[in-house]
Amino acid sequence: MYRMSETPLITASQIENRLDSLAQEIKAYGPDIILSALTGSFMFSADLSRRLATPELQIKFIRASSYGNSTESCGKVKIEGIENLDIREKKILVIDDILDTGCTMQGIRCALESLGANEIRICVLLDKAERRIADIHADYVGFDIENKFVVGYGLDYADNFRTFPDIWTLSEENA
Ligand code: IMP
Ligand code: MG
């Protein structure tokens, strides 16, 4: 069983504040297309994109899942929704909830590079750098966190907790 932390690791108001400054950083880049990796980044993408609003800014959604032996080395990444993307000559901002081993993001970047984008930058709400396996870094990071499992604000444990406005730590309950 799991146990939720007694207080949030990151509160909704801390997220709100960070989103404002993150949006300013991203405006300087001026992406043409936001590519949001579902499902974990749905809330983050919505809150961030409304702070970047311009008529031409497009938002598209992909679904990426990694499989294979992800603890030892990077397995394969399956990406849905990429088939009909026209990103040639465009400045892309890929948004995901968390950079953990980095394998998923590496798979996404690899797939996008072959589609002829002008530039690809990566934005994640959370960065668990300690866990990194893949050679990848995010250009925009909401919060650096320790190696703990977190839920809420889009992030899940077995598809639960996604709708919580704050981010909480989950730990294994001792039997
Ligand atoms: P990576 O390929 O190891 O970087 O994993 C990225 C994906 O694993 C994220 O998009 C999340 O879906 C999931 N993930 C990694 N760490 C956590 C966590 O602490 N809480 C919830 N999901 C996580
Ligand atoms: Mg995910």
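Atoms within a ligand are numbered from 1 in the order they appear, just like the ligands themselves. Along the sequence shown, residues are numbered consecutively beginning with 1.
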(message) Please identify which of these residues, Asp166, Asp47, Thr163, Leu126, meets the side chain to side chain contact (heavy atoms under 4.5 Å, CB included) condition with Tyr153.
(response)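 Testing Tyr153 for a side chain to side chain contact (heavy atoms under 4.5 Å, CB included) against Asp166, Asp47, Thr163, Leu126 leaves exactly one candidate, Asp47.
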
(request) Give yes if a backbone or side-chain nitrogen or oxygen of Met105 is under 3.5 Å from a nitrogen or oxygen of ligand 1, and no if not. (result)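 Met105 vs ligand 1: no N/O contact under 3.5 Å.
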
(message) Between ligand 1 and Val151, is the shortest N or O to N or O distance under 3.5 Å?
(response)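 N/O-N/O distance under 3.5 Å: no.
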
(request) Flag yes if Phe44 and Phe164 sit in one hydrophobic cluster, no otherwise; membership is Ile, Leu, Val, Met, Phe, Trp, Tyr, and two members link when side-chain heavy atoms are under 4.5 Å apart. (result)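 Different hydrophobic clusters.
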
Ligand-side contact atoms (ligand 1) for residue partner [X], heavy atom cut-off under 4.0 Å:
{"X": "Thr104", "answer": "1 (P), 2 (O), 5 (O), 6 (C)"}
{"X": "Asp96", "answer": "10 (O)"}
{"X": "Asp100", "answer": "1 (P), 3 (O), 4 (O), 5 (O), 15 (C), 16 (N)"}
{"X": "Lys148", "answer": "19 (O)"}

Is ligand 1 under 4.0 Å from a heavy atom in the side chain of [X], in the backbone, in both, or in neither?
{"X": "Lys128", "answer": "side chain"}
{"X": "Leu126", "answer": "neither"}
{"X": "Leu155", "answer": "side chain"}

(message) Check for me whether Gly102 has a heavy atom closer than 4.0 Å to any atom of ligand 1.
(response)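 Per 4.0 Å heavy-atom rule, Gly102 contacts ligand 1.
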
